[in-house]
Amino acid sequence: MQKTDLPPGVTRARRDGGIVKFTLRLSDGAEVESVVVPMRERAPGRERASLCVSTQVGCRMGCAFCATAAMGFVRNLEPEEIMAQVRTARLLGAKPTNISFMGMGEPLDNLENWAASVRLLINAPAGSAVALNRMTVSTCGFLPGLRRLAALNWRRVSLAVSINAPNDAIRSSLMPINRKHPMAALRQALLEYPLRRGVFMAEYVLLRGINDRPEHAEELAAYLAPFRASVNLIPYNGIRGGEGFEPPTRAEAERFQGRLRLAGRHAVVRETKGRRIDAACGQLATTAKARAASSMI
Ligand code: SF4
């Protein structure tokens, strides 16, 4: 796409197959990335796409497998800046029907502004540029935010939780948040959360040799036993700086999935989409240093 064709504020837009990643420059010069991911159509002629939206510039959570973490925390996004990503996706020709707050940042660390944007989306008139069917918020397990979200009791917003490890030792080595809010506390917070029929999405980045052993699948299944959580297995998307990490092969990922299924847990291996344009999970970043980190190995 030529730079002159881009909607206002968009400094970059890249496509890979049906995936579109765009960078939006904000009024203070900070930038955020958003990704449109086409979804399988249920009926011919019914286009569906999911828009992955950022809620912060950078992130303070420091997950070891994530390029955004290399930016550090810059600032929270305002509600209008979150909404601007939805409008811009439309201006780029995408028709997102679903929105997932899984882009740069931890949404529940910016709860007030994020919640204000959700209210605007919920109240948007049908057919407007920001009208959507489904919303999903993803958290790394930031419990103060999760408890405040629980109190809102929002039925329209589905919950996804980045679990990524079968036990505290591995999780703390990958996700600093776990040292403050360990897995037992996270599970307790989820038990107290108004989940619909105990359902949430457990996200699990598969790191070869680190969290993908057969015994890890069994531990994970036991951890999730009180819930009807489905596990979304995401083979690691390479980032520079992610030394020591590599993705499993497809067969290894499927073996892990099979172990979870044997233990009675529904699991899917996510297709690795958008890696070539650094648009896949964990690859979003907008500072020069972090962009270097997000370039594929
Ligand atoms: S995975 Fe999410 S919570 Fe963790 S550093 Fe990246 S953006 Fe932040």
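Both counts, for ligands and for their atoms, begin at 1 and track the order of listing.
A salt bridge links Arg60 with Asp109: at least one charged nitrogen is closer than 4.0 Å to a carboxylate oxygen. A salt bridge links Arg75 with Glu81; the closest basic N to acidic carboxylate O contact falls under 4.0 Å. The pair Arg148-Glu112 meets the salt-bridge criterion, since a charged nitrogen lies less than 4.0 angstrom from a carboxylate oxygen.
With respect to atom 7 (S) of ligand 1, the closest heavy atom belonging to the protein is Gly105 N, 3.5 Å.
Contact annotation: Cys59 places an N, O or S atom under 2.8 Å from atom 8 (Fe) of ligand 1.
Listed by atom number, the atoms of ligand 1 under 4.0 Å from Cys66 heavy atoms are 1 (S), 5 (S), 6 (Fe), 7 (S). Close approach of ligand 1 to Ala69 is summarised as follows: ligand atoms under 4.0 Å from at least one heavy atom of the residue are 5 (S).
Here Cys63 has heavy atoms under 4.0 Å from ligand 1 in both its backbone and its side chain.
Asn178 and Arg171 are linked by a side-chain donor-acceptor pair at a separation below 3.5 angstrom, with hydrogens and angles left out of the test. For Ser54 and Glu33, the side-chain atoms include no donor-acceptor pair closer than 3.5 Å.
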